[in-house]
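Below you'll find the structure, written out as structure tokens, and then a few comments.
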There are 2 protein chains.
Amino acid sequence: MVSEIRNNKHCQCPVEATLEVIGGKWKPIILWQLRTEKLRFSGLQQSMQGISPKMLTKQLRELEEDGLILREVYPEIPPKVEYSLTEFGMTVLPVLEALCKWGVKYLGRECVLDKQ
Amino acid sequence: MVSEIRNNKHCQCPVEATLEVIGGKWKPIILWQLRTEKLRFSGLQQSMQGISPKMLTKQLRELEEDGLILREVYPEIPPKVEYSLTEFGMTVLPVLEALCKWGVKYLGRECVLDKQ
DNA sequence: CAGGATCCGGACCGATACTG
DNA sequence: CAGTATCGGTCCGGATCCTG
């Protein structure tokens with residue numbers, strides 16, 4: 001199923017595959033929020049300024065399909081759903097940190113250029 | 001200029017900024033191709049199965065704006081243009097390798113799942 | 001050779017309203 | 001509370017044709 005999606009998008013290349021998984025607009029933030037704690041849907045929504053429920057749902061489902069996060073539903077009224085990183089999901093954190101580190105360098109460099 | 005683009009896309013976050021820079025569909029491949037050698041437009045086009053000239057141009061211009069690659073025009077007829085990595089562009093290679101490494105893990109895991 | 005111009009479908013993504 | 005449904009705008013990216 002997941003591989004079908006991948007194949008549709010011609011993702012033989014590991015780099016592209018990774019970008020498909022974590023490259024979604026909100027996915028890095030979601031993963032980062034879940035790094036230290038389980039969060040509920042509303043918790044995530046609040047911690048991410050202004051994301052629409054539709055988008056949040058979509059990104060969460062994709063991350064779940066890709067095995068990075070776990071979705072736990074508690075059969076209660078009102079409903080309660082908790083999201084957390086899987087073990088595999090945690091393996092992506094160093095990648096995010098690498099991206100972040102380079103991003104800092106890039107943004108800093110950009111400012112220098114702007115001042116010239 | 002670059003920062004305006006960035007700001008339009010709300011890129012305060014270093015991770016997102018990085019993804020904007022290298023997240024383009026063909027950009028990782030371009031950067032990877034230029035890792036070891038200068039290449040001409042046609043050379044790049046051949047090494048990347050089926051990219052249209054429009055897209056290649058666009059991605060190259062963006063990478064140039066972001067300071068990752070250098071565009072050298074030789075005033076000849078017929079025209080000759082060579083693309084190469086800048087020093088700054090080389091600093092992104094380890095990031096690509098991190099993405100690649102995790103991608104291999106992800107794709108391998110995916111195959112395992114598919115066989116079950 | 002290295003692209004620019006144009007057209008177009010579809011994906012991405014936001015806003016809003018509604019529901020079990 | 002945790003979503004779904006619907007609408008609509010923007011942009012990505014491919015195909016095709018054209019040019020200095």
Side-chain angles (χ1 to χ4, degrees), chain A residues 2 4-11 13 16 19-30 33-34 37-66 69-84, chain B residues 4-11 13 16 19-30 33-34 38-66 69-84:
Chain A
V2 174
E4 282 175 357
I5 297 172
R6 288 280 104 62
N7 289 334
N8 286 340
K9 299 193 176 180
H10 321 98
C11 278
C13 168
E16 291 184 58
L19 289 174
E20 298 260 340
V21 174
I22 66 167
K25 183 176 178 186
W26 304 92
K27 287 181 184 176
I29 309 174
I30 294 175
Q33 297 292 340
L34 295 178
E37 51 178 350
K38 283 189 181 183
L39 279 173
R40 301 177 62 170
F41 190 88
S42 53
L44 280 166
Q45 200 172 8
Q46 283 162 21
S47 66
M48 302 157 66
Q49 263 292 49
I51 187 176
S52 71
K54 186 185 78 171
M55 280 313 299
L56 183 52
T57 300
K58 192 187 167 212
Q59 309 277 306
L60 287 170
R61 292 290 141 82
E62 290 175 5
L63 288 171
E64 189 190 0
E65 262 199 73
D66 286 326
I69 67 175
L70 180 67
R71 179 171 181 265
E72 292 174 285
V73 183
Y74 297 84
E76 307 172 357
I77 305 278
K80 174 179 172 181
V81 179
E82 282 186 338
Y83 294 92
S84 56
Chain B
E4 281 174 358
I5 297 172
R6 286 282 104 63
N7 289 335
N8 286 339
K9 300 193 176 182
H10 320 97
C11 277
C13 168
E16 291 184 58
L19 289 174
E20 299 258 340
V21 175
I22 66 166
K25 183 177 177 185
W26 305 92
K27 288 180 183 175
I29 309 174
I30 294 174
Q33 298 291 341
L34 295 178
K38 283 190 184 185
L39 280 173
R40 301 178 61 170
F41 190 88
S42 52
L44 279 167
Q45 199 172 8
Q46 283 163 19
S47 67
M48 302 157 65
Q49 264 291 49
I51 187 176
S52 70
K54 185 186 80 171
M55 279 314 299
L56 183 53
T57 300
K58 193 186 167 210
Q59 309 278 306
L60 287 170
R61 290 292 141 80
E62 289 175 5
L63 287 171
E64 189 191 1
E65 261 199 74
D66 287 325
I69 67 175
L70 180 67
R71 180 172 182 265
E72 291 174 285
V73 183
Y74 297 83
E76 309 171 356
I77 304 280
K80 173 179 171 181
V81 180
E82 281 186 338
Y83 294 92
S84 56

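Not measured: the values here are computed from a predicted model. Lettering of chains follows the sequences in order, A, B, ..., and the numbering in each one begins at 1.
When rounded to the nearest whole Å, the span between CG of B/L39 and C1' of C/dG3 equals 17 Å. To the nearest angstrom, P of D/dG13 lies 11 Å from CE of B/M48. Counting to the nearest Å, the P atom of D/dT4 and the CG atom of A/L60 are 10 Å from each other. Going from atom CE of A/M55 over to atom P of D/dG9 covers 18 Å, rounded to whole Å. Between A/I77 atom CD1 and D/dA2 atom P there is a gap of 12 Å when expressed in whole angstrom units. The interatomic distance linking A/K25 (NZ) with D/dC11 (P) rounds to 11 Å, in whole Å. Taking atom CD on A/Q45 and atom C1' on C/dC13, their separation rounds to 15 Å, with Å as the unit. Between the CD atom of A/E20 and the P atom of D/dG13 there is a distance of 10 Å, rounded to whole Å.
The side chain of B/R40 approaches C/dA2 more closely than any other nucleotide in the set C/dG20, C/dA2, D/dC12. Out of C/dC13, D/dA2, C/dC1, the shortest distance to the side chain of A/S42 is found at D/dA2. Distance from the side chain of A/P78 is smallest to D/dC1 among C/dG3, D/dC12, D/dC1. Closest contact between the side chain of B/P79 and the listed nucleotides C/dG3, D/dG20, D/dA2 involves D/dG20. With distances taken from any side-chain atom of A/V81 to the nucleotides D/dA2, C/dC13, C/dA2, the minimum falls on D/dA2.
How far CG of A/L56 is from CD1 of A/I30: 5.5 Å, rounded to the nearest 0.5 Å. Atoms CG and CG, on B/L44 and B/L34 in that order, are 5.0 Å from each other to the nearest 0.5 Å. Atom CD1 of B/I51 and atom CH2 of B/W26 lie 5.0 Å apart (nearest 0.5 Å).
In this structure the side chain of B/E20 never reaches within 4.5 angstrom of the side chain of B/D66, judged on heavy atoms. Looking at heavy atoms from C-beta onward, A/Y83 lies in side-chain contact with A/I69 at the 4.5 angstrom threshold.
When the side-chain nitrogen and oxygen atoms of B/K58 are compared with OP1 and OP2 of C/dG3, none of them lie within a distance under 4.0 Å. In this structure, B/Y83 reaches the C/dG3 phosphate: one of its side-chain N or O atoms is under 4.0 Å from OP1 or OP2.
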Listed pairs, N/O of protein and of nucleotides 4-10 of chain C, under 3.5 Å:
from	atom 1	to	atom 2	distance (Å)
C/dG4	OP2	B/R61	NH1	2.9

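Sorted by first and then second residue, the side chain to side chain donor-acceptor pair (under 3.5 Å) pairs with a member in residues 50-63 of chain A read A/K27-A/E62; sequence neighbours excluded.
Residues meeting the side-chain contact (heavy atoms from CB on, under 4.5 Å) test with B/P53, sequence neighbours left out: B/F41, B/Q45. Scanning for side chain to side chain donor-acceptor pair (under 3.5 Å) contacts around B/Q46 gives an empty result, with sequence neighbours left out. Residues meeting the side-chain contact (heavy atoms from CB on, under 4.5 Å) test with A/L70, sequence neighbours left out: A/E72, A/S84, A/T86.
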Run the side-chain donor-acceptor check on residues 75-82 of chain A: report pairs under 3.5 Å with partners two or more places apart or on a different chain.
from	atom 1	to	atom 2	distance (Å)
A/E82	OE1	A/Y74	OH	2.9

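Taken over five-pair windows at either terminus, the axes of the helix from C/dC1-D/dG20 to C/dG20-D/dC1 are inclined to one another by 50° (rounded to 10 degrees).
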